[in-house]
Amino acid sequence: MTSVPMIPESYTHVLAELECLDPLLSALRLDSNRLKCTCIAVSRKWLVLGSSGGGLNLIQKEGWKQRLFLTHKEGAISRVACCLHDEDYIAVATSQGLVVVWELNQERRGKPERIYVSSEHRGRKVTALCWDITALRVFVGDHVGKVSAIKISTSKQGKAATAFVMFPVQIITTVDSRVVQLDYLEGRLLISSLTRTYLCDTDR
């Protein structure tokens, strides 16, 4: 029977490589010295990496195959968030403060398309992105404390739903300092700044 080495109590972490990461490293193409990885997001299907050149790599976790590459002329990618209840949607924030929502069209095997671009935070640094857990709505926070919500209308919802969204961007609130965290559950939006935590009732 093989003996397992004892880990000293002074050690707090154990680093383990449970599977070979060579296919992932190959898909990432980390041989470029010009581009830097600026943000990361993970869903059940995708590993998403934003770059300093404005590119967004979507790599399928099964087999680590690079499936999609989305480009942005609005600057480096600063934040990215996957819609967990519908992985066909991704929200991206750029260094110019724009928020771009993509529909990947994987179910219809079409090309990814931009379905909305919000300039509500233009000129500011977007510091947090968060999806609603049931609806196609993205919450956005920036470095001066402004929080907004983007209501997305898509072709999946039909013409009636698309026509109903007249004002897709709504200002939720402005907090005392930089937004460092956004989280959402059952109609409640959690907003954390540098000094306080706020709980907002988005239904009211």
Side-chain angles (χ1 to χ4, degrees), residues 39 41-46 48 50 54-58 60 67-75 77-142 145-175 179 181-191 198-204:
C39 56
V42 179
S43 68
R44 289 184 298 271
K45 182 177 182 179
W46 301 108
V48 186
L56 193 70
N57 290 279
L58 286 90
Q60 193 173 27
R67 292 286 305 275
L68 297 172
F69 183 76
L70 309 178
T71 58
H72 303 79
K73 297 180 180 179
E74 299 87 355
I77 308 300
S78 60
R79 288 286 185 276
V80 60
C82 303
C83 180
L84 297 181
H85 64 85
D86 190 337
E87 294 188 90
D88 212 26
Y89 298 93
I90 289 183
V92 178
T94 73
S95 57
Q96 296 180 12
L98 300 180
V99 177
V100 182
V101 180
W102 287 85
E103 184 174 359
L104 303 179
N105 289 319
Q106 291 293 289
E107 296 175 1
R108 293 176 286 184
R109 298 190 177 185
K111 292 183 178 180
E113 59 180 328
R114 295 178 175 215
I115 56 175
Y116 193 78
V117 179
S118 170
S119 58
E120 187 63 44
H121 299 265
R122 181 190 291 271
R124 299 177 178 180
K125 184 177 180 180
V126 174
T127 54
L129 286 176
C130 173
W131 280 91
D132 192 320
I133 60 171
T134 55
L136 289 178
R137 181 169 55 168
V138 184
F139 300 100
V140 185
D142 64 29
K146 186 177 185 179
V147 180
S148 68
I150 306 171
K151 177 76 172 176
I152 308 301
S153 59
T154 72
S155 57
K156 290 182 180 180
Q157 298 169 321
K159 294 182 179 180
T162 303
F164 181 73
V165 183
M166 297 178 60
F167 304 101
V169 180
Q170 176 187 6
I171 305 303
I172 300 293
T173 188
T174 300
V175 297
V179 177
Q181 178 192 12
L182 291 174
D183 207 350
Y184 182 85
L185 181 66
E186 296 179 354
R188 303 292 192 272
L189 177 65
L190 177 76
I191 306 170
Y198 305 83
L199 192 61
C200 300
D201 186 338
T202 59
D203 294 334
R204 298 181 184 177

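Note that this is a predicted model, so its numbers are computed, not measured. Because only heavy atoms are used, hydrogens play no part in the values below, and waters and symmetry mates are left out as well, while side chains stay in. The residues of the chain are indexed from 1 along the displayed sequence.
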Measure the shortest side-chain to side-chain distance between Thr173 and Tyr198 over non-hydrogen atoms and say whether it is less than 4.5 angstrom. no
Taking salt bridge (Lys or Arg N to Asp or Glu O under 4.0 Å) as the definition, give me every residue that meets it alongside Arg114, ordered by chain and number, with sequence neighbours left out. Glu74
Distance from Trp102 atom CH2 to Leu70 atom CG, nearest 0.5 Å? 4.5 Å
Heavy-atom donor-acceptor pair, His121 side chain to Gly141 backbone, under 3.5 Å: no
What pairs with Asp203 under side chain to side chain contact (heavy atoms under 4.5 Å, CB included), at least two apart in sequence or on another chain? Asp201
Tell me, please, which residues at least two apart from Ile171 pass side chain to side chain contact (heavy atoms under 4.5 Å, CB included). Glu120, Lys146, Ser148
On a heavy-atom basis, which atom in Cys39 and which in Val80 lie closest, and how many Å separate them? SG-CG1, 3.8 Å
So, for Ala128 and Val179, which heavy atoms are closest and what is the spacing to 0.1 Å? CB-CG1, 4.1 Å
For Ile133, what residues pass the side chain to side chain contact (heavy atoms under 4.5 Å, CB included) criterion, not counting sequence neighbours? Tyr184, Leu185
Between Thr94 and Gly75 (side chain of the first, backbone of the second, donor and acceptor by atom type, cut-off under 3.5 Å), is there such a pair? no
From Leu136 CG over to Ser153 OG, what is the distance, rounded to the nearest 0.5 angstrom? 9.0 Å
Answer whether the closest heavy-atom distance between the side chains of Leu189 and Val147 falls below 4.5 Å. yes
Interatomic distance, Gln170 atom CD to Phe139 atom CZ [nearest 0.5 angstrom]: 8.5 Å
Looking at Pro112 and Leu68, what are the two nearest heavy atoms and their distance? CG-CD2, 4.0 Å
d(Gln181 CD, Leu190 CG) to nearest 0.5 Å is 5.0 Å
Write down the atom of Ser78, the atom of Val126, and the distance for their closest heavy-atom approach. OG-O, 4.1 Å
Determine whether a donor-acceptor pair (N or O, by modelled atom type, separation under 3.5 Å) exists between the side chain of Asp88 and the backbone of Glu103. no
Output the distance between atom CG (Asn105) and atom CD (Glu113), rounded to the nearest 0.5 Å. 5.0 Å
State, with a plain yes or no, whether a side-chain heavy atom of Arg137 is found less than 4.5 Å away from one of Thr202. yes
Taking side chain to side chain contact (heavy atoms under 4.5 Å, CB included) as the criterion, tell me which of Asp183, Leu199, Val175 meets it with Ile191. Val175
Considering residues at least two apart in sequence or located in another chain, which fulfil the salt bridge (Lys or Arg N to Asp or Glu O under 4.0 Å) criterion with Arg79? none
In this structure, CG of Asp142 is separated from CG of Leu129 (nearest 0.5 Å) by 11.0 Å
What heavy-atom pair brings Tyr116 and Pro168 nearest, and what distance separates the two atoms? OH-CG, 3.4 Å
Side chain to side chain contact (heavy atoms under 4.5 Å, CB included) partners for Ser43, two or more places apart: Lys45, Trp46, Cys82, Leu84, Glu87
Nearest heavy-atom contact between Ile150 and Ser118 is CD1-CB, 3.6 Å
If we ignore hydrogens and angles and just use 3.5 Å, is the side chain of Trp131 paired with the main-chain N or O of Ala81 as donor and acceptor? yes
